[in-house]
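Worksheet: the structure to be examined is printed underneath.
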Amino acid sequence: MKRALETMSRVVVSTKNAPSAIGPYSQAIRANGQLFVSGCIGLDKDTMDFNSPTIEGQTEQVLKNMQAVLEAGGSSLDQVVKTTILLRDMADFPKVNEIYGRFFPEDPPARATYAVAGLPKNALIEIECIALAP
């Protein structure tokens with residue numbers, strides 16, 4: 001068991017191409033061929049504010065932010081194996097699906113979607129993911 005632990009790795013991933021963490025967490029952790037991306041909300045990386053008050057605008061920005069973190073960790077959208085989506089309003093589900101489908105046009109990852117009572121900075125959506133990072 002000790003030998004197995006010695007070969008494991010854990011690397012913090014950080015990029016200026018996505019909003020910085022707004023709490024005591026990393027943008028992502030790369031570990032043993034996988035990349036664990038923290039929940040992304042639709043903040044602009046430069047202003048740390050939302051560019052859009054709409055679910056469509058925030059969803060687009062969330063996925064762009066997530067893509068930037070994936071790339072910084074040596075992965076990409078086509079390597080994502082699982083996402084978790086948190087929505088402030090489940091009525092936004094069809095709009096989110098439309099935009100999400102543009103980012104994952106073929107062989108989309110496994111996914112769970114939940115409605116929640118609130119999100120950081122009153123975001124309308126948050127998405128986290130796990131990806132392969134060969």
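One-based numbering along the sequence shown.
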Is there a continuous path of hydrophobic side-chain contacts, each under 4.5 Å between heavy atoms, that joins [X] to [Y]?
| X | Y | value |
| --- | --- | --- |
| Ile22 | Leu86 | no |
| Ile99 | Val80 | yes |
| Leu77 | Val96 | yes |
| Leu35 | Ile29 | no |

Contact check, side chains of [X] and [Y], non-hydrogen atoms, under 4.5 Å:
| X | Y | answer |
| --- | --- | --- |
| Pro19 | Asp44 | no |
| Gln27 | Val37 | no |
| Val13 | Arg30 | yes |
| Thr83 | Pro109 | yes |

List in chain and number order the residues that pass side chain to side chain donor-acceptor pair (under 3.5 Å) with Ser76, two or more places apart in sequence or in another chain; answer none if no residue qualifies.
Asp78

With sequence neighbours left out, what residues match Lys82 under side chain to side chain donor-acceptor pair (under 3.5 Å)?
Thr84

Could you name each residue pair satisfying ring pair (Phe, Tyr, Trp, His ring centres under 6.0 Å) that touches residues 65-103, not counting sequence neighbours?
Tyr100-Phe104

If you measure from CE on Met90 to CD1 on Ile85, what distance do you get to the nearest 0.5 Å?
9.0 Å

I need the Glu56 CD to Gln58 CD distance, nearest 0.5 Å.
10.0 Å

Backbone N/O of Ser9 and side chain of Asn32: donor-acceptor pair under 3.5 Å:
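Yes, the answer is positive, given that a donor and an acceptor are paired below the 3.5 Å cut-off.
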
Side-chain atoms of residues 111-134: list all donor-acceptor pairs with protein atoms under 3.5 Å, sequence neighbours left out, distances to 0.1 Å.
from, atom 1, to, atom 2, distance (Å)
Arg111, NE, Thr113, OG1, 3.4
Arg111, NH1, Asn97, OD1, 3.0
Arg111, NH2, Asn97, OD1, 2.6
Lys121, NZ, Met48, O, 3.4

My understanding is that only residues two or more places apart in sequence, or in another chain, count here; which of them pass salt bridge (Lys or Arg N to Asp or Glu O under 4.0 Å) with Glu98?
Arg102

Shortest non-hydrogen separation from Lys45 to Lys16 and the atoms involved:
CD-O, 3.4 Å

For residues 63-73, please give each side-chain donor-acceptor pair under 3.5 Å, one per line with the distance, not counting sequence neighbours.
from, atom 1, to, atom 2, distance (Å)
Asn65, OD1, Gln61, NE2, 2.9
Asn65, ND2, Ile41, O, 3.0
Asn65, ND2, Leu43, O, 3.0
Asn65, ND2, Gln61, O, 3.4

